[in-house]
Structures are given as C-alpha cells and as structure tokens.
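Worksheet for the structure shown next.
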Amino acid sequence: MSQFWKPGTERPRLVDDEEGGVLLYATSSSSSSGFGYGSLEKQRQRLPVYKYKTAILYSVETHATTIIVGETGSGKTTQIPQYLKEAGWAEGGRMIACTQPRRLAVQAVATRVAEEMDVKLGEEVGYTIRFEDITNEELTRVKFLTDGVLLREMMDDPLLSKYSVIMVDEAHERSLSTDILLGLLKKIQRRRPELRIIISSATIEAKSMAAFFNTRICRRRREEEQGPTKEPAILSVEGRGFNVELFYVDDPVSDYVQSAVSTVMSIHDQERMGDILVFLTGQDDIDTAIQLLTEEAQSSGKQGLVSVPLYSGLPRADQDLVFSPTPRGKRKVIFSTNIAETSLTLEGIVYVVDSGFSKQRFYNPISDIENLVVAPISKASARQRAGRAGRVRPGKCFRLYTEDYFSNEMSVVGIPEIQRSNLVSCVIQLKALGIDNILGFDWPASPSPESMIRALEILYSLGVLDDDAKLTSPTGFQVAEIPLDPLISKMILASCEFGCSEEIITIAAVLSIQSIWIPVRGVQKQLDEAKLRFAAAEGDHVTFLNVYKGFIQSNKSSKWCHKNFINYHAMRKVIEVREQLKRITQRLGIGLKSCEGDIQAVKKAITAGFFANAARLEPFSHNGMYKTLRTSQEVYIHPSSVLFRVNPKFIVYHSLVSTDRQYMRNVITIDPSWLTEAAPHFYQKQLHSSIPQ
DNA sequence: GAGCACTGC
C-alpha cells in the first residue's frame, strides 16, 4: 500500500460529525441494561458540552441567536435542551423545541433525554413526527420534532408562540425544510424579541449562519436596543471522536469502483483487523464492487472478507445485516451509498474508503425536470465520511482522489437542497403562511428566480394561485392543507367532483411511498410475473388499486405480501398515509365516495392533477419514444411500469426519473380531450398543434 | 429493461 498511498500533509485530527452523542441502533448501552440514574448523571457530566453549560446558558440569555459548533459526540443535542429546562426556559407554560431533519433521530434523541431526565417519554419530554405525536399538551416541556413538523405547526400558530427556545439541529445539512424554517424563524424573531434560537451547525457553516441571523442594523444604536443582542454568538464545543488519519491517491483514478475494491484488498492485506466502510454512489456501483471483490478475493486466495451492501432500497432484513456482529476472525466490508454518511451510524468501522462521489439531485426549472447525477462531494461531506472511521478507535480514511484535488478543487460545502429542487411545495407552504412576496423572501441561500417563477406558474396552472399570486379559495387553501405534493393534492380535490375519492386517496397514498414492490434483482422475473396478477390495462395507478384491494382482502397479511412480491412494510405505510388523508379530507369537507369500478372517473381525477405531465407516443417510433406535450422532451415508459412495451398513444405520468434516458414512472392511459377539459388555459395553444381531434 | 438520501396532521 505504501506505493499507492502517500500520507497527506494535513495533520491527523479529530473529525466532526453530527450526532450529539446519540448512537442510533446502540440502545443496549443505556439504562435498560441496569445503569441507575446516578451513573447516567456521571455520563452526562463527562460529555464535552458539560464544560460549556454556563457559557451556553449565558449566551442564550443575552443573545437572540446562538450558534453552536459541535463536533462528534459533544453531547449538544441531548444536553442543551436539558440545560435550558434546568435554567427555567420551560417555566410558565412555555416549551423548548429541538428539531432534527430525520424521524429516526427525533425518536432516538427524545428517548435518550427522557431516560436521562428519568421521566416517562411523552410526558415532560416528548416528540412529534408525522403519524406519531408522543406529547402531552399539559405536561410536555421539552419537545423533539422534525423540522417539517415544526413548519406544519406554523400553519396553526405562525409565531410559534408556545416555544421560548427553538434549537435547530444539523443545520449544516441545509435540507429543504431546515432552510425554509431558518428563513421563517428570522422573520418570527422580529415579531417576538423574547424568542431564542439556537442553531447547531458544523464549523464550515457557522459564519454564514451568523451573518444570516445578524439583524443588528447600526452599531451606535446598540445601547438603545431592548432585550437580547441581535448579533449571534458563536460557541464551539469539541468532540470526542478518535483520530482519523487521511490518505490520498498519488494520481487521479479513472475507475473508482475498481480502485475502491483494490484499496479494500490492500487494507485487508496490510492493516490490522477492523471493519471497512466504502462510500460509493448507488446500487449499480455497489453490486459491481461486491462482485469484483468476491472475484479478486477468490483468485488471490484471500479469505476472511464478508461484504455487505447498504442502500435505502434494500429490504429491511438485508439492511439489518449491516448491524449484525462481524464473525470472529472475519472482516466486514460495507459498501454503502450516502445513507451511511448521515442517516445511519455504523459501529466498529475503523477504515473508510471514500470514492469522492455521490448521487445528487439537480432541478432544471426550464425543463421542469429533476435529474439524479453522479457528482463530486464537498469537503464537508468528505470530512463527514472520514469521521465514520473514528468512532471506536483511531481509524484511517483512504480518499480515492488526490490531495491537490481536495485542497484546490473540491468545493467547501455542497449546494443547499433549496437550490437543487422543484419549489412547488415550498412556495405553497410560504403562501399558506401569508408570505406574499415570495421573490423577496430572505433565505439562508436564495433559490434561483427561474425556479421560483416556474413554481408560481405551475401553481397558477393548477388553480392554486390566482392572477395576483394569492392562494385561491377554497382550492389553494385546501391544497396547502394536504401534506403532499400539490399535484397529488389537486388530484384528491378533483376526485370529489368525479365521485372517486375513496380510490384516489389510495392512489395518493401509494404514490407517496417509494415503492410497494419488493426490490430484488435476482428474482426479477418472478416479480414481473407477480405484477401481472395485478396489472391493469389502464396503467400503474389502477394496478395499485388492485394491489390495495388484494391486501385488504388478505386481511393485511404479510404472508400474502411475501407471496406476491409486495413490500409488507410499504403497504402498512400506505394504510397509515391513507388514514391520514382520510382524516384531512374529512376535515376539508370532502366526502369519501367510491366510483364502484368506474375507472374513467379515476383517470380523469388523476389527469386533473397531472395534466402537465402528459406525453404522446412518437408516430412511427420503434423504441417506444414519447414526447411530453408541454416541452417536447424525449421520454420513455419506465421498465417497471405495467405499460412498458404496451406503449399507448397518450399517457399521463407521475414522475420522471433520469438516468441515461428520461423514464416516466407510474403512467396511465388517457384520452387527450381530458387534458383540455382539465386545464383549458394550459392546453389552449397545444390543442390544435399537437393534439389531434 | 431499471431504483442517492431525507421529509410532511
């Protein structure tokens, strides 16, 4: 390995990551195994953040905004809410909120904090995530929630008046909801000077966050200002990770999959025992890498390697393999996507191999298409990946790019999600909160005006916004109320008119789940056959109705799912979402009605939401090429669709996925005259040119 | 002939 690698000139150092001392999937080390309160208290005091308790409380007392830079295992997430509670911030009926970008983290942190405070979860300490509200209105003083839920709460309580302090954790990840939340919190602060905001962020982002929240206008007027200082305070808390030594390649690699496999082999050869985590970009890479490694290990007679894939599409049981203990004398190699960068914490990793790439979403507002492309990661991501090696003992990280590339070419932080996404949901949420001047909204990072305008256009075409870009009544307000993509919400509202809301909320629930089929490559043929049992000539949406019906008739049986290659957990989720939609539609005064098999009604309701996603088969096309009616984009039916190779003339699709081609996922056949019925304004021009009568 | 990661009363 010494020929291949050169130690970086950068000195080995502590590497940060984001969880404040909470180890997901490591619940056995907590009090349930017999530690009493006293021991928990001692553990708390040993956390690095403990030393800063007074400083943090002082800063929160005197500053409107405090930015906490916390490294690995600093304990900030679990401890700061408790400090605030002890200092009296939850007195007088007030509450302390702490947001996380992910549900799992919310549950884990809340559970841990309840344990440390020796209270029952759901009483003094509670949490709220979608479908799960473990809080008690009278008792709960410290509340953990996803930032998406807090945004929803603002619809009822725009000033978030019940909270005295709001801590936004993992702000450096710059997720869509976090950015919207930060923009809104800044606005709230102006109206509620007594509100305190704590933002926990990685080092790299701290300064820009501070600049964003700095609302102090003029230095001289400082003495006249009432209340806390407007200029944010920045506090830094060290972590408790181990050293991770960094290595770079001498020359750029041409094939990072092959290179990752060779590196794993060298580590296995030359380094002491310890598991390896390899960051690749997707399922394809991962499958190829595992195959290559198996071959290389076989041909060189090397033993003792156990390779495990890890990506979100993997069935739950297979994902759990990653957490099973490595057999004695073996070395586990986990080939993972970005999922291991933030969402999952793996124990026992000592070596990290970083390809330097990940798949990232990019949105093109001109074509209104979201693309998934392999792109170089940022320095922040690279640090995060490296940090995964230093959790149990000092580790090593092998970067499959040159040190020169890292220093001079890699961007410091990634592009915030809000600048890479379709903004339709985001715009409607702001409108619902009464923010009229969307283009002038103060964001932590501004999205492009093109994306904003495109979102406004789409919402206008859906009849959600009027000529003055205000929410229409009742449609606009109703669509904003439903926590789904506005196109789906519109479809639900239309179903009322067509008398098929029972069917449409089922379809809406299925569409909001990733996939209801079991994702297995080896048994593709059986999966296709299973699909045929439910396939409807009208398309995928109607097929979903058949699957749902079968699932209900089987009495929601997991056996039935297994037999039919249907993902049982996904179907449970469908039931859950459907129940939620049922409640919401009832509140909106939409009566649930079944069309009793009138499929045309169902398809018309779908068209009412998705008219913009219409495509027409190219005449004389031999390979099933379609063009979208709106922008004449070349698109194809996705191979997973029941209409693949059927190629009906006119279709409406739910979404596009872009790989080497643009694939339409979930399609139904339509009659083109429905398009002009559903959106006359939208299709007026195209009517004569592209739709034959 | 094919699926980065999250999320929402």
Side-chain angles (χ1 to χ4, degrees), chain A residues 99-106 128-133 135 145-156 170 173-181 279-287 310-314 336-344 355 357-362 370-375 377 381 414 417 420-421 425-426 428-429 432 480-486 488-489 512-515 517-521 524-525 527-528 573 576-577 579-588 623-624 636-641 644-645 655 657-666:
Chain A
T99 74
Q100 297 287 323
R102 282 169 290 277
R103 293 161 53 98
L104 207 58
V106 169
T128 308
I129 54 182
R130 193 186 186 190
F131 307 124
E132 247 182 281
D133 183 8
T135 60
L145 66 177
T146 50
D147 34 29
V149 169
L150 191 61
L151 279 178
R152 283 276 150 190
E153 282 190 2
M154 289 181 75
M155 285 176 124
D156 290 330
E170 320 292 13
E173 283 187 28
R174 305 305 297 273
S175 78
L176 201 53
S177 330
T178 308
D179 269 18
I180 302 172
L181 184 63
F279 282 103
L280 296 173
T281 64
Q283 194 175 335
D284 264 345
D285 281 0
I286 291 171
D287 289 349
L310 178 64
Y311 44 86
S312 75
L314 216 56
S336 173
T337 61
N338 250 2
I339 192 171
E341 194 180 303
T342 49
S343 304
L344 299 181
S355 65
F357 290 98
S358 71
K359 279 196 187 172
Q360 292 161 36
R361 188 171 61 196
F362 287 95
E370 282 184 332
N371 267 307
L372 211 53
V373 290
V374 173
I377 61 168
S381 282
E417 201 181 2
R420 300 184 278 116
S421 309
S425 295
C426 163
I428 197 171
Q429 229 163 354
E481 189 90 355
I482 303 173
L484 298 172
D485 178 339
I488 294 188
S489 309
S512 67
I513 301 295
Q514 300 220 343
S515 171
W517 307 103
I518 288 178
V520 264
R521 268 196 179 174
Q524 201 55 53
K525 221 174 156 190
L527 174 62
D528 285 349
K573 194 120 195 237
E576 213 172 24
V577 177
E579 282 304 310
Q580 186 191 19
L581 293 178
K582 209 162 138 183
R583 283 196 302 272
I584 293 171
T585 48
Q586 271 159 0
R587 202 180 51 208
L588 293 175
N623 58 352
Y636 297 83
I637 293 181
H638 196 276
S640 66
S641 169
F644 179 66
R645 289 211 183 100
S655 61
V657 289
S658 315
T659 46
D660 47 333
R661 278 179 174 181
Q662 310 279 3
Y663 286 105
M664 300 177 279
R665 275 189 68 189
N666 299 326

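Residue numbering restarts at 1 for every chain, and letters A, B, ... go by the order of the sequence lines. Here the structure is a predicted model, which means the values were calculated and not measured.
- The CE-P distance, from A:M154 to B:dG8, rounds to 17 Å in whole Å.
- A:T337 comes within 4.0 angstrom of the backbone, heavy atoms only, and of no base.
- Across all strands, A:L484 comes closer than 4.0 Å to base atoms (heavy-atom distances).
- Distance from the side chain of A:V149 is smallest for B:dG8 among the nucleotides B:dG8, B:dT7, B:dA5.
- Between the CD atom of A:E576 and the C1' atom of B:dG8 there is a distance of 12 Å, given to the nearest Å.
- Look at A:R103 and you'll find a side-chain N or O under 4.0 angstrom from OP1 or OP2 of B:dG8.
- Under 4.0 angstrom from either OP1 or OP2 of B:dC4 there lies no side-chain N or O belonging to A:Y311.
- Distance alone, capped at 3.5 Å, is enough to place a donor-acceptor pair between the A:S355 side chain and the A:F279 backbone.
- Note on A:E153: nothing from the nucleic acid sits closer than 4.0 angstrom, heavy atoms only.
- Of the residues near DNA chain B, A:G282 and A:L150, the one whose nearest nucleotide (by heavy atom distance) lies more toward the 5' end is A:G282.
- Side-chain contact between A:Y311 and A:D285 is absent, with no heavy atoms from C-beta onward closer than 4.5 Å.
- Between A:T342 and A:E170, the closest side-chain pair of non-hydrogen atoms is not below 4.5 Å.
- Side-chain nitrogen and oxygen atoms of A:T342 include none within less than 4.0 Å of the OP1 or OP2 phosphate oxygen of B:dC6.
- Nucleic acid contact class of A:R665 (heavy atoms, under 4.0 Å, all strands): none.
- Between the side chains of A:E341 and A:S381, at least one donor-acceptor pair of N or O atoms lies under 3.5 Å.
- Partners of A:E153 by side-chain hydrogen bond (donor to acceptor under 3.5 Å, both in side chains), not counting sequence neighbours, listed by chain and number: A:K143, A:Y163.
- If you measure from atom CD1 of A:I584 to atom C1' of B:dG8, you get 9 Å, rounded to the nearest angstrom.
- Of the candidates B:dA2, B:dT7, B:dC4, the closest approach to any side-chain atom of A:K359 belongs to B:dC4.
- Applying the salt bridge (Lys or Arg N to Asp or Glu O under 4.0 Å) criterion to A:E370, with sequence neighbours excluded, gives A:R361.
- Using a 4.0 Å heavy-atom distance criterion, A:D528 is classed as a base contact.
- Heavy atoms of other residues, nucleotides or ligands lying less than 6.0 angstrom from CD of A:Q514 number 12 at most.
- For A:S312, no side-chain nitrogen or oxygen approaches OP1 or OP2 of B:dC4 to under 4.0 Å.
- Among the nucleotides B:dG1, B:dG8, B:dA5, the one closest to any side-chain atom of A:P639 is B:dG1.
- Separating the CD atom of A:E370 from the C1' atom of B:dC4 is a distance of 12 Å, rounded to the nearest angstrom.
- The separation between A:L280 atom CG and B:dC4 atom C1' is 12 Å, rounded to whole Å.
- Checked against B:dC4, B:dG3, B:dG8, the side chain of A:I129 finds its nearest nucleotide in B:dG8.
- Following rounding to the nearest Å, A:R583 (CZ) and B:dG8 (C1') show an atom-to-atom distance of 13 Å.
- At a cut-off of 3.5 angstrom, counting only N and O atoms as typed in the model, there is no donor on one side facing an acceptor on the other between the side-chain of A:N623 and the base of B:dG1.
- Nearest nucleotide to the A:Q283 side chain, out of B:dA5, B:dG8, B:dG3: B:dG3.
- Using a 4.0 Å heavy-atom cutoff across all strands shown, A:I339 reaches sugar-phosphate atoms only and no base atom.
- Mapping A:F644 and A:D485 onto DNA chain B by nearest heavy atom places A:F644 closer to the 5' end of the strand.
- Nearest nucleotide to the side chain of A:R645, out of B:dG8, B:dG1, B:dG3: B:dG1.
- Among the protein residues, A:D156 comes within range of the nucleic acid bases, having at least one heavy atom under 4.0 Å from a base atom.
- Using a 4.0 Å heavy-atom criterion, one finds that A:S177 contacts no nucleic acid atom at all.
- Remark: P of B:dA2 and CG of A:N666 are 17 Å apart, rounded to the nearest angstrom.
- When rounded to the nearest whole Å, the span between CD of A:E579 and C1' of B:dG8 equals 17 Å.
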